[in-house]
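Both backbone and side-chain heavy atoms feed into the values below; hydrogens, waters and symmetry mates do not. In what follows, every chain begins at residue 1, and chains take the letters A, B, ... in the order their sequences are listed.
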Amino acid sequence: MSLYIYNTSSKDKEEFKPIDNNEVKIYSCGPTVYNVPHIGNLRAFVFADSLYRWLKYGEKYETKWVMNITDVDDKTIRDSQKEYPELSAEEALKKFTRKYEDAFFADLEKINIKKDSFIENPRATEYIKAMQDLTKDIYEQGFAKIVDGSVFFDVKKYTESNKYGVLLNLNLDNLKSGTRTLADEIEKENVQDFALWKGKKEGEPCWDFELDGQSLPGRPGWHIECSAMSSVLLGLPFDIHTGGIDLVFPHHENEIAQAQAGWNKKTANFWVHNEHLMVEGKKMSKSLGNFYVLQDLIDKGVDPEVIRFFFISNHYRAKINLSEDSLQNAENTLQKIRNQLAIKEGGSMSTEEKKQEFYQAMQDDLNTPVAFSVLFELLKGDYKKDEVEDFFKFAEKVFGVRFLPKNEQIPEKIQKIAQDRWQAKKDKNFELADDLRKKALEEGYEIRDTADSYEILPLKQ
RNA sequence: GGCGACGUGGCCAAGUGGUAAGGCAGGGGCCUGCAAAGCCUUUAUCGGCGGUUCGAUUCCGCCCGUCGCCUCCA
């Protein structure tokens, strides 16, 4: 069975075939580095990582994965100037965004997204030339206009020869009436027009730009950043574009329009979007007080691996609700898998059938909830130990979560305690035995009795 | 107002036109000096009302509810 992926542009699962034989090119919208990523951002990145991992380890494709860093936009400019008023606009922006870029990669590391999975993490500020070139191409094709030093994409003109609304049904008239006035933004002729290039405002960082004989110092619009970076690094069209569901419109729709208008090119074959994370049943927001970043959860004693497991054990196109209960559930479940693997022995049945079931679940638009149910069946039945372990090693790669026991050397000190306790137990000195077990526990090791002996397990093994 | 998603046992979550996987939690039991782990066992008719059908949780219509997008957003 081949891989089927839900494509937002067709609203259906489609058979996935790479454009180039065995190589898959993926572009994921990365963070805007004006803050540390929140837990909802991380869900999107973990999803992209799991898709990448399945393509690489499950489907054995060569992969080229790009995730960009948006390091120039309204928010980064605004906040960098607030934070470093003493620096020049350019220096402030750079210092500010680098700080949060580092924080971003630190979080990725914690949640087990490896930096070397990416072939590139382009910074928007390092691709200004490509953005300007695309802007120029769109303008020369007649799909852009210059207004007060800025360049806008002319949606109305575009719709005369192209479809605007590839990813979702759009009614431009409705769109217009539903949009409120943006008094403090640059005047646009049509509300749905979007900026390709924003003219310089006093005190803001800017780049020189020459268009149609006019000097237009300024900075790129948000949507053009992704079009430029993806086309330079992957070429258009590439295979898969990922992002959160909120990016469908206008961001991704605009990416499609830009490449079409400027180069007459399709952007990506597959548009894949993950649903949102809810917190305690509500959309996460600062005003509701349910806004979490990774460190908040770590401070509460939640292991990042549990968070990753929680994300991955749910389907990526389903809303998930982060709560104390749901995290506890995830922790218990993960712990149970590890316990089961730790005590697994013998077995006579081949795992082949279950492997097939697992594979089929993943091939069906990454149906991870079913895939995990198959893993549980594998643990329950009388399957051959070495085959089960091998398969879980594979699952570890695919999901980026550890299932098998750590091969940790138990310190001699702990071994001594366990020995003493075993002796005390045999002597029926249960008080001492319990004390010693408690002592080991305080050192981070759990002593469990088995049929005729005992075993030592690192806590959180 | 326009577009869309979702509503399955206490919680989470699959799934199919022919009476519903899996996980967590809970109850009972086994094992155990105790504990932990483990093992066995136990709990649903799928938001509501109609329709199509021999038969619907699964298809269609309406209603109710939750959430999202249409404006920056993973």
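Under a 3.5 Å cut-off, the side chain of Gln258(A) and the backbone N or O of Leu134(A) do not form any donor-acceptor pair.
Counting non-hydrogen atoms under 4.0 angstrom, Asn367(A) reaches the backbone sugars and phosphates but no base. Contacts of His276(A) with the nucleic acid, taken as non-hydrogen atoms under 4.0 Å apart, include base atoms. At the heavy-atom level, Gly40(A) lies under 4.0 Å from base atoms of the strands shown. Residue-level contact check: Asn314(A) touches the backbone only, with heavy atoms under 4.0 Å from sugar-phosphate atoms and none from bases. Residue Arg317(A) is out of contact with every strand shown, counting any heavy-atom pair closer than 4.0 Å.
Between the CG atom of Leu432(A) and the C1' atom of rC34(B) there is a distance of 14 Å, given to the nearest Å. For the pair Ile447(A) CD1 and rU32(B) C1', the computed distance is 16 Å after rounding to whole Å. Between the NE2 atom of His273(A) and the C1' atom of rA5(B) there is a distance of 15 Å, given to the nearest Å.
Considering only side-chain N and O atoms, Lys428(A) lies nowhere under 4.0 angstrom from the phosphate OP1 or OP2 of rC34(B). For Gln335(A) and rA25(B), the shortest distance from a side-chain N or O to OP1 or OP2 is not below 4.0 Å. Asn332(A) has a side-chain polar atom (N or O) that falls below the 4.0 Å cut-off from OP1 or OP2 of rA25(B).
Arg437(A) contributes a side-chain N or O that forms a donor-acceptor pair with the base of rA35(B) under 3.5 Å. With hydrogens and angles ignored, no donor-acceptor pair under 3.5 angstrom links the side chain of His315(A) to the base of rA13(B). Looking at Asp434(A), its side chain comes within 3.5 Å of the base of rG33(B) through a donor and an acceptor atom.
Nearest nucleotide to the side chain of Met278(A), out of rA74(B), rA21(B), rC67(B): rC67(B). Ranking rA14(B), rG38(B), rC24(B) by closeness to the Ile343(A) side chain, first place goes to rG38(B). For Asp449(A), counting side-chain heavy atoms from C-beta on, the closest listed nucleotide (rA74(B), rC34(B), rA37(B)) is rC34(B). The Asn339(A) side chain lies nearest to rG38(B) when the options are rG22(B), rG38(B), rA74(B).
Ion pairing between a basic and an acidic side chain is recognised when a charged N comes within 4.0 Å of a carboxylate O; Glu396(A) and Arg402(A) show no such pairing.
Taking the nucleotide of RNA chain B with the nearest heavy atom to each of Lys425(A) and Leu247(A), the more 5' of the two is matched to Lys425(A). Comparing Arg421(A) and Ser326(A), the nucleotide of RNA chain B nearest to each residue sits closer to the 5' end for Ser326(A).
The aromatic ring of Phe430(A) sits over the base of rG33(B), with ring centres less than 5.5 Å apart and planes inclined by under 30°.
A donor atom on one side chain and an acceptor atom on the other are not found under 3.5 Å apart for Glu377(A) and Ser373(A). Under 3.5 Å, the side chains of Asn329(A) and Ser326(A) contain no donor-acceptor pair of N or O atoms.
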### Task
Decide salt bridge (charged side-chain N to carboxylate O under 4.0 Å, His left out) for Arg437(A) and Asp434(A); before the verdict, give the C-alpha distance in whole Å, the side-chain angles of both, and the deciding distance to 0.1 Å.
CA-CA 5 Å; Arg437(A) 185 167 57 197; Asp434(A) 288 350; 3.4 Å; yes
